[in-house]
Amino acid sequence: KDLYGPGRRNSAGVELGHEASLHALIAEIEAARSSGLVAATLIDGAPQPGAERPVLSPSNGATAVGRVREADEATADRAVDAAQRGFRDWERAPAAKRSAALEKAADLLEARRGLLLGLLQTEAGKTLDDAVAELREAVDFLRYYAAQARDLFGEGEVLPGPTGEDNRLLHRGRGVFLCISPWNFPLAIFLGQVSAALAAGNAVVAKPAEQTPLIAHEAVRMLHEAGVPGSALHLVTGDGRVGARLVAHRRIAGVAFTGSTEVARRINQTLAAKDGPIVPLIAETGGINAMIVDATALPEQVSDDVVMSAFRSAGQRCSALRLLCVQEDVADKMIDMIVGASRELKLGDPRDLSVQVGPVIDAEAKQRLEQHIAKLKGSARVHLAAEAPATGYFVGPHVFELKRQGDLAEEVFGPVLHVVRWKAGELGQVLDAIEASGYGLTLGVHSRIDGTIAEVVSRLDVGNCYVNRNMIGAVVGTQPFGGSGLSGTGPKAGGPNYLKRFAVEQTVTINT
Ligand code: NAD
């Protein structure tokens, strides 16, 4: 059965190496640039009043990219009530109609790429190639879930039974789905959650990260324009307090959350303590992602893959490499190569096309990273402590060698790589310590020994394993993404089982 939709293809993206395409793209970004955007809570499609503040670019911490009007608690409650009213009409609409609206939205995203890419650069601090990759992922999510939903939410699956009976298994929307997303993929993760919940026939209340409301607001308006009724999709702007208020609302029938493990735990506790139906939580959270490198690995390839996995997007990917575990025999050589390549990375405002590492998201993120770096400078061996521009929220790439693997006990969300060495015969202990962390998001392995690769991959409960390549950039439909343990509940985004978790099942037996 073709769960992916006949003829569905991932978006072609943009070939940035092609000079004419690049110039056309930059012209579109410049033409769409504006500092007059305002993000507001949208209830039934209508912007709501709220306390207004500027949204500042992380590249300098001063330029206003636009403004946001944030919701208070009463406004958040009204959004859920409105979604509840809009639910049945959307749920009863034919699956093909819902999917067509999502596909139309994918087309609009591609047509307005100048606006979206510009916002990814200025509001989220992304380099152009990261922004292009993110737009492409967002488009892929929309088309992938739309194609799947047409099949899964159509007439239902006919089941075997005695003659004279028609037995069917149907999937239907749950009700009001709350989608809470992070700032690090403010378009792709935001739209991934929202499109899955909508495709499955839910009404949606979407709460984007407080750092990136503008891009979420533009994306929701495109979905409305594409045919998703304002009554089925509502946007609530604001920070974690507004998120917490929404989670506690009695009308919420399901929550999709992507963000930190700590907040996922809090949401889970609130849901568990509520009266009424048991509310499912889909949580996609953080990781202490490790890469195992043995003495047979190819040094140049390891160096390239480590630098990309640890420092691309300023290390602000949930999949990013945090802990490099390298065999003693080759450790000095590998570390030298990695440090040499990392030293060459250019930091700065990502609108400069030669920049490879942009800012971290805000002052708080920068301060948290600087505290971690200061602590390690006193307790670990410093291999690299790169300088960063003084204005804006920049942190230079750092490489530290830890005394003990267990010294890294929590996710560090930025361009900081931790290294440990292991001796021949000690691989089992390295794997024990990774397992003991409780996280299970991504894992890298570099080895030319099949037995070692098989042992590492089968031994660890890690959601996405990458062998002899970098460990970032999962592709929709090709590398379904998500972790286990402290890294998330599953199912995997961009995979065949995701949509079902947004739905309820119904069996209908008709005596014919
Ligand atoms: P965060 O947990 O601080 O915030 C995420 C979202 O939750 C934001 O919209 C925030 O406003 C909201 N929120 C905060 N407190 C809340 C509360 N008490 N109740 C309800 N909502 C609340 O995470 P972040 O800093 O935005 O994102 C970075 C984290 O996201 C990292 O840990 C990263 O690993 C993780 N992440 C995971 C994946 C994945 O697929 N597994 C993908 C991207 C990011």
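This one's a predicted model, so the numbers in the text were calculated from it and none came from an experiment. Hydrogens, waters and symmetry mates are skipped; everything else that's a heavy atom, side chains included, is used. Both counts, for ligands and for their atoms, begin at 1 and track the order of listing.
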List the closest protein heavy-atom neighbour of atom 42 (C) of ligand 1: residue, atom name, distance to the nearest 0.1 Å. C318 SG, 2.9 Å
Closest by any non-hydrogen atom to atom 5 (C) of ligand 1: pick that one out of T258, T212, V263. T258
How close does the nearest protein non-hydrogen atom get to atom 12 (C) of ligand 1, and which residue and atom is it? I180 CG2, 3.7 Å
Should one rank S260, P213, G488 by closest heavy-atom distance to atom 23 (O) of ligand 1, which comes out on top? S260
Output yes when a side-chain donor or acceptor of S487 lies under 3.5 Å from a complementary backbone atom of G440, and no otherwise. yes
Determine, step by step, whether T258 and Q193 satisfy the side-chain contact (heavy atoms from CB on, under 4.5 Å) criterion, reporting the C-alpha distance in whole Å, the side-chain angles of both residues, the deciding distance to 0.1 Å, and the verdict. CA-CA 9 Å; T258 307; Q193 294 177 340; 3.0 Å; yes
Please compare G483, G259, G463 and report which has the shortest non-hydrogen distance to atom 29 (C) of ligand 1. G259
More than 12 heavy atoms of other residues, nucleotides or ligands under 6.0 Å from CZ of R221: is that the case? no
What's the shortest distance from atom 32 (O) of ligand 1 to any protein heavy atom, and which residue and atom give it? E411 OE1, 2.6 Å
Any pair counted as ring pair (Phe, Tyr, Trp, His ring centres under 6.0 Å), so long as it reaches residues 482-501, sequence neighbours left out: Y145-Y498, Y498-F502
Test your reading of the model: is there a side-chain donor-acceptor pair from D239 to the backbone of R241, 3.5 Å cut-off? yes
Per-atom contacts, ligand 1 versus R266 - under 4.0 Å to a heavy atom: 18 (N)
Should you measure from each heavy atom of F413, which atoms of ligand 1 turn up under 4.0 Å away? 28 (C), 31 (C), 33 (C), 34 (O)
For W183, the ligand 1 atoms with a heavy-atom partner under 4.0 Å come out as 24 (P), 25 (O), 26 (O), 27 (O)
Taking only residues two or more places apart in sequence, or in another chain, which ones meet H372 in a ring pair (Phe, Tyr, Trp, His ring centres under 6.0 Å)? H418
Just which atoms of ligand 1 are under 4.0 Å from any heavy atom in I189? 42 (C), 43 (C)
Please state which option from G240, P182, A248 has its nearest heavy atom closest to atom 27 (O) of ligand 1. P182
Taking non-hydrogen atoms only, is P208 closer than 4.0 angstrom to ligand 1 via side chain, backbone, both or neither? backbone
Is the closest N or O pair between E210 and ligand 1 shorter than 3.5 Å? yes
Short list, please: which atoms of ligand 1 are under 4.0 Å from a heavy atom of D239? 11 (O)
Establish, for the pair K207 and F257, whether the NZ or CZ atom is under 6.0 angstrom from the six-membered ring centre and no further than 45 degrees off its axis. no
What are the atoms of ligand 1, with element, lying closer than 4.0 Å to any heavy atom of G243? 19 (N), 20 (C), 21 (N)
Is it true that a side-chain atom of T442 and a backbone atom of S319 form a donor plus acceptor pair closer than 3.5 Å? yes
Between K126 (side chain only) and N184 (backbone N and O only), is there a donor and an acceptor less than 3.5 Å apart? yes
Looking at Q479, I'd like to know if its CD atom is crowded, meaning that more than 12 non-hydrogen atoms belonging to other residues, nucleotides or ligands lie closer than 6.0 Å. yes
Determine whether a donor-acceptor pair (N or O, by modelled atom type, separation under 3.5 Å) exists between the side chain of W90 and the backbone of P229. no
F257: numbered ligand 1 atoms lying under 4.0 Å from its heavy atoms: 2 (O), 5 (C), 6 (C), 7 (O)
Which of the ligand 1 atoms, numbered from 1, are nearer than 4.0 Å to a heavy atom of N184: 43 (C), 44 (C)
